[in-house]
2 protein chains.
Amino acid sequence: MDNRYVQQFKKGSLEMILLCLIGRKETYGYEIITELNNSASVLGYAKEGTIYPILYRLQEAELIKCRLAPAAANGGSKKFYSLTHKGQEVLGELIEFWTNYEDCVNGFIATYQQTEVSE
Amino acid sequence: MDNRYVQQFKKGSLEMILLCLIGRKETYGYEIITELNNSASVLGYAKEGTIYPILYRLQEAELIKCRLAPAAANGGSKKFYSLTHKGQEVLGELIEFWTNYEDCVNGFIATYQQTEVSE
DNA sequence: TAATGCTATTTAGGTTCGCTAAATAGCATT
DNA sequence: AATGCTATTTAGCGAACCTAAATAGCATTA
């Protein structure tokens, strides 16, 4: 699978995934990256330059809020993010939209595959 | 739902949808646009400036091929597109990837929603 | 024959997203 | 002091989709 496709498919949904991870539990950029990389076989490896700008964007949009934690035992200081009330609402809408979107795309796929079978 | 999200979600999958439509039956740009607009409630309205460039891109990549039809009874001439052999192969891979991608995204959503319930 | 409306394609320019790549910095271990 | 791990920041790029408008053929109708 050409990596270009993977990149494009992510657009929009990667932001939703970050909101899901932050909504599940308070977390920070580096942890998000390592968690995402558990799904690297599908999503590819998440890089800093991808994730941190999304976090800034989400904070700018007031969907997440930030709490600075002092430097840990081993490593630098972390920025813990959690969902704002607005973030919870938007995430709910995003998930609803995603579900409809998924159904719509699968509809087009099903139509194509029915064609193949009938040939 | 903010229209920005719709736009982003489409990236990648819109190309796959066009391949599905072309794979189902030989078709042309204008017809694709009108068919897509049956799903406008989810995808938004497809515009010329979106669809035609995708068709050129797909042809450039040799995933679809083109047959020029003379001007119809009412209207201008059409360019009928069909899948190449390579296009069929790539579409198959795209559908397989989409399925995995979908599962992956739904996994993140499920994790978030389980969190909500347990609270 | 001029005007309108529908079909059909083309293209210029813009925005946003995710990616590449590298830099910065704190702490622990050796 | 050097290395390795954790953790964040940022500059610049390419690709995808969108906005908006232009172009053109044919049919109908006034």
| said: Strictly by ring-ring contact (aromatic ring centres under 6.0 Å, His included), give each pair with a member in residues 49-92 of chain A just once, sequence neighbours left out. | reply: A:Y28-A:F80
| query | How sharply is the helix from C:dT1-D:dA30 to C:dT30-D:dA1 bent, taking the axes over five pairs at either end and rounding to 10 degrees? | reply |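 End axes: 10° apart.
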| Taking DNA chain D as the partner, which of residues 25-36 of chain A come within under 4.0 angstrom of it by heavy atom? |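 Output list: A:Y28, A:G29, A:Y30.
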| task | Output the residues of residues 94-109 of chain B in contact with DNA chain D, where contact means a heavy atom of the residue under 4.0 Å from an atom of the strand; sort by number or write none. | result |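 Contacting residues: none.
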Apply salt bridge (Lys or Arg N to Asp or Glu O under 4.0 Å) to [X] and list each qualifying residue two or more places apart in sequence or on a separate chain.
X	result
A:E26	A:R67
A:E89	none
A:K47	none
B:E62	none

| message | What residues from residues 52-61 of chain A pass a heavy-atom cutoff of under 4.0 Å to DNA chain C? | response | A:I54, A:R57
| Nucleic acid contacts - residues 4-14 of chain B versus DNA chain C, non-hydrogen atoms under 4.0 Å | B:R4, B:Q8, B:K11
| task | Would you mind reading off the distance between B:E15 atom CD and D:dC17 atom P, rounded to a whole angstrom? | result | 7 Å
| query | Over how many whole Å does the gap from B:F80 atom CZ to C:dT9 atom C1' extend? | reply |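 Nearest whole value for this atom pair: 14 Å.
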| query | What closest approach, in Å, do B:K86 and B:L63 show between heavy atoms, and which atom pair accounts for it? | reply | CG-CD2, 3.9 Å
| message | Minimum heavy-atom separation for B:Y112 and A:R24, please, with both atom names. | response | CD1-N, 4.0 Å
Name every donor-acceptor pair, under 3.5 Å, that has one atom in a side chain of residues 9-21 of chain A and the other anywhere in the protein, sequence neighbours excluded.
from, atom 1, to, atom 2, distance (Å)
A:K10, NZ, A:L43, O, 2.6
A:S13, OG, A:F9, O, 3.3
A:S13, OG, A:K10, O, 3.2
A:S13, OG, B:Y101, OH, 2.3
A:E15, OE1, A:R57, NH1, 2.6

I'd like a list of close polar pairs between nucleotides 20-26 of chain D and the protein, N/O only, cut-off under 3.5 Å.
from, atom 1, to, atom 2, distance (Å)
D:dC26, O3', B:A73, O, 2.5

